[in-house]
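Any value given below was found using the heavy atoms of this structure, including those in side chains, with hydrogens, waters and symmetry copies removed. These numbers come from a predicted model, not from an experiment.
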Amino acid sequence: MEGNIFQPYLHAESIFRENRDVLRPSYIPDSLPHRERQINQLASVLATALRGAAPSNVMIFGKTGTGKTAVVKYVGHEFRRADIEDRVEYFYINCEIVDTPYGVFQNVGNRFIQDFDERIPFTGLSTERVYNLLRRKIDDAARVVVIALDEIDKLVYKSGDDVLYHLTKINDDLHQAKVSLIGISNDLKFTEFLDPRVKSRLSDEKMVFPPYNAKELGDILEQRAQLAFDPGVIEEGVIPLIAALAAQEHGDARRALDLLRVSGELADRKGRNHITEVMVQRAKNKLELDLVIEAVRSLPTHSKLILLGIILQQEVGIAKLTTGEVYDTYSQLCRRAGLGPLTQRRVTDLISELDMLGLINAKVKSFGRGGRTKEIQSSVSAPDVKRILNRDEVLRELRSYRPKVQTTLI
DNA sequence: TGTCCACTGGAAGGGAGGGCTT
DNA sequence: AAGCCCTCCCTTCCAGTGGACA
């Protein structure tokens, strides 16, 4: 053991108490400060269903980090604690992960199937059949089924409102069971895309979660800090600072907790036993960079090539590019890398994706006779991104590549 | 006022990859 | 083994468009 590389870490003191997960967004504490009203409202809607009345569906709106998911999961925990499992089945699906009709039906259905051999396979059956299977299983279970669909707008955006159409009218086909839906979305306008019937059924009840203000964020941080750290670890001024930073970003509690957690981790790594305001600033930078690194790293090869093309152009002094220019550079890079380039139509979509990820800035702009196209700019630090891209096998070959500088004659 | 550029972004569809059913 | 089904990633085709310029 002597001289072992892990030796120094084995006895290192951590400023965290045993469980730092209390600072992760997935952790649901015993109480949710400043969301009592929403919890009660949701509980009262669902309680109606418990008494055997027709269950209302609920739509919950609110920006990221306003506690939507936490409230919905919290109420789910309370159901479980209330010991009414013979009457209520409550579950939660994140539609960003499960984003197809088949996937939703399969997911819900499988919760009612204990026997492994009978489980609905992840592919192979027709969607219609999976729906029928699901309906039978729910009815057999003969209880109130509450299905929470988080990021429901992603599901509708990707697969249309077919799933919701089925799920909102499933009660007509059930004899012993009842289904109630909770839809969670950060996009207030998404219901405009729904079939009017689905729309009215889905939002029997509507709740809007306001952003937290700095004081409320402070309370939330205070609550979690007490769970995560010993008293006195956090210097005065740290929590107000984090609360203020997060309040600037539309009152995002998730971000506030991330900042606190990462600040703690930075303090740990430096072997300090206090969290200071300086560490919060560092944590802020680290979080921002980590986000970019992760986004770039997990990009598909062709998207990486597009991004690399944009960055290289920028390095030779061309800041603003059109789709055509990006496509040209991208095609050259593809050839260098020995890959067949995708069509320009496909690249347009990939550019839009990069824009949505915040890695580039793409605005549609008309140049009159010069045509109508996107004006594209990278919005991340070029050296950072290049370093990450260089780790990719395919792209490493292109390290020496320099784009041709357009010799525009004036 | 109309023209025309360089795309944009919707629609349809192909085919590969997964897997079930008969 | 043949026939289906669903999803993902692309391609092909194309009508539509904001605004500088003639």
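Here A:Ser126 lies in heavy-atom contact (under 4.0 Å) with sugar-phosphate atoms only. Using a 4.0 Å heavy-atom distance criterion, A:Pro101 is classed as a sugar-phosphate-only contact.
Checking side-chain atoms of A:Asp139 against main-chain N and O of A:His175 turns up a donor-acceptor pair under 3.5 Å.
Here A:Lys158 reaches the OP1 or OP2 of C:dC8: one of its side-chain N or O atoms lies under 4.0 Å away. Contact annotation: A:Arg372 side-chain N/O to C:dT17 OP1/OP2 distance is not under 4.0 Å. Look at A:Ser366 and you won't find any side-chain N or O under 4.0 angstrom from OP1 or OP2 of B:dC7. OP1 or OP2 of C:dT11 has at least one side-chain nitrogen or oxygen of A:Thr343 nearer than 4.0 Å. Within the structure, every side-chain polar atom (N or O) of A:Thr100 is placed at least 4.0 Å from both OP1 and OP2 of C:dC6. Between A:Thr322 and the phosphate of B:dC7, there is a side-chain N or O to OP1/OP2 separation shorter than 4.0 Å. The side chain of A:Thr348 contributes an N or O atom lying less than 4.0 Å from OP1 or OP2 of B:dT8.
A pairwise comparison of heavy atoms in A:Asp219 and A:His34 identifies OD2-NE2, 2.7 Å as the closest pair. The nearest pair of heavy atoms linking A:Leu398 to A:Arg336 is CD2-CB, 3.3 Å.
More than 12 heavy atoms of other shown residues, nucleotides or ligands fall within 6.0 angstrom of atom CZ in A:Phe91.
Distance, A:Tyr102 OH to C:dC6 P: 9 Å, rounded to whole Å. The distance from atom CG of A:Asp349 to atom P of C:dC9 is 12 Å, rounded to the nearest whole Å. For A:Arg346 and C:dC8, the CZ to P distance is 12 Å, given to the nearest whole Å. Atoms CD1 (A:Ile376) and P (B:dA6) sit 15 Å apart, rounded to a whole Å. Across the protein-nucleic acid pair, A:Asp162 atom CG and C:dT7 atom P stand 11 Å apart, rounded to whole Å. Straight-line distance from the CD atom of A:Glu353 to the P atom of B:dT8: 15 Å, rounded to whole Å. Atom CG in A:Asn107 sits about 13 Å away from atom P in C:dT7, given to the nearest Å. Put simply, OH on A:Tyr327 is 13 Å from P on B:dT8, counting in whole angstrom units.
Where A:Phe367 and A:Lys374 each meet DNA chain B at their nearest nucleotide, the meeting point lying more 5' is that of A:Phe367. Toward the 5′ end of DNA chain B lies the nearest nucleotide of A:Gly371, the other residue of the pair A:Thr323 and A:Gly371 mapping further downstream.
Checked against the 6.0 Å centroid criterion, the rings of A:Phe61 and A:Phe209 do not qualify as a close aromatic pair.
The listed nucleotides are B:dT3, B:dG10, C:dT7; the one nearest the side chain of A:Arg345 is B:dG10. The listed nucleotides are B:dC7, B:dG19, B:dG9; the one nearest the side chain of A:Gln344 is B:dC7. In the set B:dC20, B:dT8, B:dG2, the nucleotide with an atom closest to the side chain of A:Arg369 is B:dG2.
Applying the 3.5 Å distance criterion, the base of B:dG19 shares no donor-acceptor pair with the side chain of A:Thr123.
Between A:Phe79 and A:Tyr90, the ring-plane angle classifies as tilted under the 30° and 60° cut-offs.
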